[in-house]
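Atoms within a ligand are numbered from 1 in the order they appear, just like the ligands themselves.
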Amino acid sequence: MKIFNTLSRQKEEFVPLVEGKVSMYVCGPTVYNLIHIGNARPMIVFDTARRYMEHKGYTVNYVSNFTDVDDKIIRKANEEGVDPSVISERYIEECRKDMQALNVKPATTHPKATEEIGGMIEMIQTLIDKDHAYVGQDGTVYFKTRSFGQYGKLSHKNLDDLRSGGRSLLVSGEEQKQDPLDFVLWKPKKEGEPFWESPWCEGRPGWHIECSVMSKRYLGDEIDIHAGGEDLIFPHHENEIAQSEAANDREFAKYWMHNGFLNIDNKKMSKSEGNFFTVRDISEKYDLQVLRFFMLSAHYRSPLNFSAELMEAAKNGLERIVTCVSNLNFLLKNAKDGEMTEAEQKLAEEAKGFISQFDEAMDDDFNTADAISAIFDLVKFANTHVSEETGKAFVQAIKEEIVLLSDICGLIVDKKEEILDAQIEELIQERQAARKARDFARADEIRDTLAAQGIILEDTREGVKWKRA
Ligand code: AMP
Ligand code: ZN
């Protein structure tokens, strides 16, 4: 399996630190609003990478944080006259709902910045002790970028240019910085802001330190993969590397993965520009599986332009797979039992080629666009070779293959024909009537029909109650 590593700007063979295991950290959202579909891109593409690695047999320890202390959260809390934690908890809850609707698996751990302050203070102290950080007059702690020889290795930026440009960009209060590229590890509190005690001043952490600390705590000093949107390469990830490697004396992450931007009208979609759709907005018009399919139809590193036409194309594409599986389900009901014929065995063997095609695409830096083409080819194969004469074993094998490959992409294509509450009530009424008429055969039949759908009936004194198994 090859992964494009931002560090080397090359595709590299993936070799995990520990055989059979993958440790992966994905920078998560700042929770002050509903997530927009740009934020959903890293969630979807890195969830798909995780699912694929799990399919290959790796145990993936996947950590993704919630940034729950930040200027924007504080501003919103002040506007609403509530504690910042009310805002962050509200949007963490909403974010979890969106993730579930997008079929993004929960991370192994979702740490929150405010619950990791102790670890941050510890790492900052280590950096001060090792002379990688210094304390300004007002208690602000800065990372000393010149003390870390490899600063800039991820973003491949010309630091001298940045430094000379940076001096003029310093805002008031930053005169105490020794170098324009030095960045804040800890800052003093301001009126109306949450704060924590520290050896330097009452205050709160800078943004970058949280990821270094959470990654260390939940995954160790050295991890396999660190990921996020490409806007995070500089300064966020560059600063994370400086902090972690200076503090731990170890390489922080072996592979750095960055997703391209989701644009709208070929401009970056962002909250600050105001040109965004929330995931919730899209859910009013589309099943969110369509959004997931849309995201995966492009390579994760390419920019992707959001448009109504592409969403319609995604809807049609997904429907092609869902319809095929639904036809196979229909055929399964009456298909002949027994072993595959020789011809079917040959075809089943041929069909395995689509799994190899899919794996090859995913092994090439998670090329989901080509992987989805493999699913389409398999669907076409199914539509060509499965008919009412086909035996059950073969239909089942083809269906399982489509479902397996879709599932690796996190796409739910085997829609169970769900029985609705209203239908259940209706059948219960009919069963009661049948019993009254002493038609016990019909009453039992209804009970069995419901049981087959996982509905359990309970005769109580207050009448018939039901629950889903
Ligand atoms: P934020 O809440 O802005 O820190 O963003 C959370 C994650 O979403 C980060 O990994 C960002 O890089 C990513 N992200 C934000 N906007 C976009 C976008 N328009 N396209 C792709 N990724 C984005
Ligand atoms: Zn981060």
Side-chain angles (χ1 to χ4, degrees), residues 6 24-47 49 62-73 76 87-88 91-92 94-95 98-99 102 104 107 109-113 116 120 123 154-155 183 185 205-219 223 225-244 252-253 256-279 282 291-292 294-296 298-307:
T6 309
M24 182 162 181
Y25 186 98
V26 181
C27 292
T30 306
V31 279
Y32 69 102
N33 215 329
L34 290 173
I35 58 163
H36 64 64
I37 56 177
N39 302 132
R41 191 169 189 198
M43 288 177 183
I44 293 168
V45 299
F46 297 124
D47 175 64
Y62 191 99
V63 176
S64 188
N65 64 306
F66 287 118
T67 299
D68 64 346
V69 56
D70 167 89
D71 288 343
K72 291 175 283 260
I73 300 173
K76 185 139 185 167
I87 302 293
S88 56
Y91 291 110
I92 286 173
E94 298 299 337
C95 179
D98 286 336
M99 282 171 62
L102 290 163
V104 169
T109 316
H110 277 291
K112 298 174 196 166
E116 307 288 339
M120 297 190 218
M123 189 179 278
L154 181 72
S155 52
F183 56 90
L185 297 170
W207 170 36
H208 316 297
I209 193 75
E210 70 180 75
C211 293
S212 285
V213 168
M214 296 181 203
S215 182
K216 180 183 172 80
R217 172 154 182 209
Y218 296 98
L219 298 169
I223 69 168
I225 302 173
H226 196 113
E230 66 183 8
D231 57 325
L232 300 186
I233 297 173
F234 189 87
H236 185 53
H237 287 163
E238 197 70 73
N239 292 353
E240 281 187 37
I241 290 176
Q243 294 163 158
S244 293
F252 181 34
W256 286 84
M257 293 177 69
H258 294 98
N259 65 270
F261 255 71
L262 183 71
N263 296 324
I264 190 159
D265 301 327
N266 294 311
K267 271 192 292 232
K268 167 180 161 179
M269 179 175 296
S270 81
K271 282 176 196 159
S272 52
E273 299 283 329
N275 61 343
F276 65 89
F277 291 112
T278 62
V279 169
I282 300 305
L291 184 63
R292 184 163 183 130
F294 160 77
M295 298 276 188
L296 298 180
H299 192 277
Y300 75 90
R301 281 190 287 120
S302 313
L304 177 58
N305 205 38
F306 182 82
S307 72

Minimum side-chain heavy-atom gap [X]-[Y] below 4.5 Å:
X	Y	answer
Ser88	Phe66	no
Met295	Leu262	yes
Ile73	Thr30	yes
Met99	His110	yes
Phe294	Ile282	no

Can you tell me how far the CG atom of Asn275 sits from the NZ atom of Lys268, to the nearest 0.5 Å? 9.5 Å
Tell me, please, which residues at least two apart from Lys76 pass salt bridge (charged side-chain N to carboxylate O under 4.0 Å, His left out). none
Counting only protein N/O/S atoms, those under 2.8 Å from the Zn ion (ligand 2) total 4
Any side-chain donor near an acceptor of the partner, Glu116 and Tyr218, under 3.5 Å: yes
Measuring from each atom of ligand 1, which residues have a heavy atom under 4.0 Å away? Cys27, Gly28, Pro29, Thr30, His36, Gly38, Asn39, Pro42, Gly228, Gly229, Asp231, Leu232, Asn259, Gly260, Phe261, Leu262, Met269
Any residue meeting ring-ring contact (aromatic ring centres under 6.0 Å, His included) with His236, in chain and number order, not counting sequence neighbours: Trp207, His208
